[in-house]
Amino acid sequence: MAEAAVGGDPEHARETGGGSDVSTVSAAAPAEIGLRCEVDGEIATVTLDRPDKRNAQTFATWSALARIGDTLPERVRVVVVRGEGPSFSAGIDLRMFTPEGVPGQESFASAAALGDTELERLIAEAQRGFLWLRRPEIVSIAAVQGHAIGAGFQLALACDLRVVADDVKFCMKEPALGLVPDLTGTKPLADIVGVPRAIEMCLTARVVGAEEAVRLGLAEIAVPAGELGQTTRDLAAALLATDHAAATATKRLLRAAPGRTLEEQAAAERAEQVARIRALFAGS
Ligand code: ACO
């Protein structure tokens, strides 16, 4: 296994993407990024790596996440997102609420001075770090232990699947700080738990533990903390056992299903299946 993209250039990622089992796309990262990505064969592991600050996230973290998505080798089929240390992520770096902010980055005070268009562009760039995790060609798994607060909760929600340790503590804290959750978390949360439960969770900022997370569908499975890594690896292996093209088409169908009528979805199933049958049986 080797270091991979944190700000790596796309050309290099494409060059290394098709060949050897392990690729290396390296770049020095300032401490505030707190992120590393290792690619090993068909699995990429993105690790929030600032455990002394409970993997607090900054704009630089989100830009680096977006660049990982931009430069992900084509052969990657499973992306695991995990956090080093006792907590998955304590959310946004609270220095961003101070006038000084995080060195070299926007604080909320400096961002507030931007025009609406620039401010929305800044948020859109942050959201880009989360959106790519839904791509049909990959399955993303969040392996979550300890606290997953605010941006940490939203990062877990950006993934297709969540494996949690029994000490997990999900909390959507943004409204309590005067903000809205804007890192693409509101849709998956409302889709998974329903609008009333999502309102209750967000507007009370209460902690959701492992048992409730599984019951609500926020996590696929909860395991003892010591088994989080192995359970995630087992799930990745099971996902990789399925034909890639069929898995991609099926995920595309399932992701789009909530926004379609039954008739539209049936038509989409037909279209995907025609392509599958042609690919599987052409010339036989
Ligand atoms: N931003 C910056 N630094 C942080 C953050 C954060 N979000 N969370 C923790 N840290 C730092 C602490 O300041 C401390 O640093 P220090 O050792 O230099 O003093 C270190 O990480 C460890 O933090 P502790 O509080 O000692 O760790 P503990 O395990 O006891 O508690 C917990 C963890 C519950 C996550 C706590 O740190 C906390 O409540 N953090 C703030 C959570 C928060 O409000 N996040 C914003 C959510 S909203 C959003 O994400 C948009």
Side-chain angles (χ1 to χ4, degrees), residues 29-35 46-66 81-112 114 119-131 133 142-159 162 164-190 198-210 212-213 218 225-226 228:
E32 279 80 14
I33 292 180
L35 198 65
V46 178
T47 301
L48 296 161
D49 194 15
R50 204 151 67 103
D52 55 322
K53 299 295 178 193
R54 302 299 182 263
N55 300 321
Q57 304 171 35
T58 66
F59 280 116
T61 314
W62 304 325
S63 291
L65 264 175
V81 181
R82 59 181 292 279
E84 207 66 76
S87 289
F88 178 75
S89 174
I92 199 167
D93 192 314
L94 293 174
R95 287 178 300 171
M96 288 167 71
F97 288 89
T98 66
E100 303 77 34
V102 180
Q105 297 187 48
E106 299 283 359
S107 67
F108 283 115
S110 61
L114 297 172
L119 193 45
E120 286 208 22
R121 198 175 297 140
L122 187 70
I123 297 169
E125 173 60 15
Q127 290 172 333
R128 229 167 58 74
F130 294 67
L131 285 168
L133 290 159
V144 189
Q145 81 287 1
H147 290 96
I149 304 176
F153 191 5
Q154 294 193 70
L155 182 56
L157 284 165
C159 293
R162 281 151 294 280
V164 300
D166 51 12
D167 68 348
V168 78
K169 293 179 187 68
F170 287 120
C171 172
M172 200 66 91
K173 201 169 173 188
E174 284 83 346
L177 297 174
L179 298 171
V180 299
D182 68 344
L183 296 167
T184 76
T186 55
K187 180 160 177 59
L189 183 65
I199 291 172
E200 179 264 322
M201 280 171 52
C202 292
L203 273 56
T204 64
R206 77 175 171 89
V207 167
V208 174
E212 185 182 5
L218 284 170
L228 186 62

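Because the structure is predicted, anything quoted here is derived from the model rather than measured. Each ligand, and each atom within it, is numbered from 1 in the order the structure gives.
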Heavy-atom proximity to atom 48 (S) of ligand 1 ranks first, among L177, V207, N55, V180, for L177

Enumerated ligand 1 atoms positioned under 4.0 Å from heavy atoms of G91: 50 (O)

Of the options D93, N55, T61, which is the one that meets R50 in a side-chain hydrogen bond (donor to acceptor under 3.5 Å, both in side chains)? D93

Considering only heavy atoms of A151, which atoms of ligand 1 have at least one such atom less than 4.0 Å away? 49 (C), 50 (O)

Could you tell me whether the side chain of F170 reaches within less than 4.5 Å of the side chain of V164, counting heavy atoms only? yes

For the CD1 atom of I92 and the CZ atom of F59, what is their distance to the nearest 0.5 Å? 6.5 Å

Hey, is atom 12 (C) of ligand 1 touched by any protein heavy atom at less than 4.0 Å? no

Find the distance between CD1 (I149) and NZ (K169) and round it off to the nearest 0.5 Å. 9.5 Å

How long is the span from the CG atom in D52 to the CD atom in E84, to the nearest 0.5 Å? 11.0 Å

Check step by step if side chain to side chain contact (heavy atoms under 4.5 Å, CB included) holds for V46 and L35. CA-CA 7 Å; V46 178; L35 198 65; 3.9 Å; yes

Going through the distances and angles, do V180 and T186 end up as a side chain to side chain contact (heavy atoms under 4.5 Å, CB included)? CA-CA 9 Å; V180 299; T186 55; over 6 Å; no

Exercise check, heavy-atom protein proximity under 4.0 Å to atom 19 (O) of ligand 1: no

Before signing off on this row, confirm whether L94 and ligand 1 have an N or O atom pair separated by under 3.5 Å. yes

Tell me: protein heavy atom nearest atom 30 (O) of ligand 1, and distance? R54 NH2, 4.7 Å

To the nearest 0.5 Å, what is the distance between NE2 (H147) and NZ (K173)? 9.0 Å

Per atom 7 (N) of ligand 1, closest listed option by heavy atom (T58, I92, L183, D182): I92

Short side-chain donor-acceptor distance under 3.5 Å, W62 and E125: no

Compute the shortest N/O to N/O distance between D52 and ligand 1 and return yes if it is under 3.5 Å, no if not. yes

Among all protein heavy atoms, pick the one closest to atom 39 (O) of ligand 1 and tell me residue, atom and distance. I149 CD1, 4.4 Å

Short version for A90: what comes under 4.0 Å of ligand 1, heavy atoms counted, is both

Polar contacts were defined as any N/O atom of the residue lying under 3.5 Å from an N/O atom of the ligand; does this apply to L179 and ligand 1? no

Could you identify the single nearest non-hydrogen protein atom to atom 44 (O) of ligand 1 and state the distance to 0.1 Å? K173 NZ, 3.0 Å

Would you say ligand 1 has an N or O under 3.5 Å from any N or O of G152? no

Could any protein non-hydrogen atom be found less than 4.0 Å from atom 36 (C) of ligand 1? no

Between S89 and the options R54, Q154, K53, Q57, the side-chain hydrogen bond (donor to acceptor under 3.5 Å, both in side chains) test singles out Q57

When only distance counts, is H147 in polar contact with ligand 1, meaning an N/O pair under 3.5 Å? no

Strictly distance-based, threshold 3.5 Å: is any side-chain N or O of Q145 a donor or acceptor partner for the main-chain N or O of G85? yes

Does K53, backbone or side chain, put an N or O under 3.5 Å from an N or O of ligand 1? yes

